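Worksheet: the structure to be examined is printed underneath.
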Amino acid sequence: MNGLLKKVNEDIWLGRTDHLENRTSFRYHQIVELEQIEKLESLNETCVIIGFESEEGVRRNKGQLGAAKAPNALRSELAKLPWKLSKEKRLADIGTIECIGNGLEKAQQQLGEVVNKVLNKKMIPIILGGGHETAYGHYLGVRNHIGEDAKLGIINIDAHFDLRPYDEQTSSGTMFRQILEQDENSNYFVLGIQRYGNTQELFDKADELDVTYIYEEEMHHGQFEQVNTALEKFIHKHDYIMLTICTDVLNAAFAPGVSAPSPFGLDPTIVRAIIKAVTSHDKVLSFDISEVNPTMDENNRTVKLGAYLTNEAITSFLGGRKNDTSS
């Protein structure tokens, strides 16, 4: 353990090696740097992986446990993927925040501190959850980095609003209500909402909090132009953006290994397109993926899909982005 972070076992980052020197044959496991955050040079062409081993929020939300195993499972699948970027583009893995017992709030604060450190070094945090309570720690780090007056847009790809009350305790179903009620300079856009995955009370709360949302059935092939227009409009209105994905937004035929599988979820190619569209903007600071549940998976399909979606984010972040004019 180094400070807040548990060091990653090198054996997780293993994969096929086609060549030891020819970089065009390299895979993730050959380029990833396992390093302490303090020892990383400040370079703006670097993505930094942070694990968040937590399912306490899912437990409090009465969901299926198992998401705490996802960070290392996702790393193992990422390790095998080809690295297609130039040698100036870097990937580091600085370790994992572990939620011990029921200490969710402490773990979220710790994640926020680490995300802030990464952003202060002009690097891009790539957070591997954990339950979707990951998003609150992610937010804390982003808000600390940008200051309280900056306009922050939160884009969430999710079947659920996660706007439940938190009077008794916070959970994986409360994060965005916490943020919106505590931070007047944050706004929330969620894509993939299921009509019958959220109660009417949650729809009412979303309207009350001025949440922008798009239903799942409005996000199929042939409709992406309208979705992209809405995303562009939302991004333009804010100074900074953070992107989070709850993998239960995906159709269960493609992603059975999530805490709340959905038969009417999104096709992975739609989610992939959204990730690429959002992360192509230089206002977008960071990314997290949550709710992959390896204990409920079939033949590692969901873990592999989660790794591919994470790869899309990393490749887009580092592959050249749009300069957004200030709002």
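From a predicted model like this one, the values you see are computed outputs, not experimental measurements.
Under the side-chain hydrogen bond (donor to acceptor under 3.5 Å, both in side chains) test applied with His220, the options Glu216, Glu217, Gln223 reduce to a single match, Glu216.
Using modelled atom types, one finds a donor on one side chain and an acceptor on the other under 3.5 Å when comparing Asp183 with Tyr139. Donor-acceptor pairing under 3.5 Å is recorded for the side chains of His138 and Ser286. A side-chain donor from one of Thr244 and Asp288 sits under 3.5 Å from a side-chain acceptor of the other. A donor atom on one side chain and an acceptor atom on the other are found under 3.5 Å apart for Asp204 and Gln200.
For the pair Arg195 and Tyr215, the distance from NZ or CZ to the six-membered ring centre is under 6.0 Å and the angle to the ring normal is within 45 degrees.
Under the 4.5 Å side-chain heavy-atom criterion for ILVMFWY residues, a single connected hydrophobic cluster contains both Leu40 and Leu5. Ile31 is connected to Leu74 through a chain of hydrophobic side-chain contacts under 4.5 Å among Ile, Leu, Val, Met, Phe, Trp and Tyr, so both are in one cluster.
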> Checking ring-ring contact (aromatic ring centres under 6.0 Å, His included) for the pair Tyr213/Phe161: CA distance, chi angles, key distance, verdict?
Replying inline: CA-CA 9 Å; Tyr213 56 91; Phe161 284 116; 5.0 Å; yes
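Considering all non-hydrogen atoms of both residues, Ala307 and Glu77 come closest at CB-CB, 3.5 Å. Looking at every heavy atom in both residues, Gly130 comes nearest to Pro71 through N-CD, 3.8 Å. For Val58 against Ser259, the heavy-atom pair with the smallest separation is CG1-OG, 4.2 Å.
For the pair Asp239/Lys283, no side-chain contact is recorded, criterion being any heavy-atom separation below 4.5 Å from C-beta on.
Contacts of Arg23 classified as salt bridge (Lys or Arg N to Asp or Glu O under 4.0 Å), with partners at least two apart in sequence or in another chain: none.
Note: His132 and Phe176 have perpendicular aromatic rings, judged against thresholds of 30 and 60 degrees for the angle between ring planes.
Pairs passing the ring-ring contact (aromatic ring centres under 6.0 Å, His included) check and including a residue from residues 21-54, sequence neighbours excluded, read Tyr28-Trp83.
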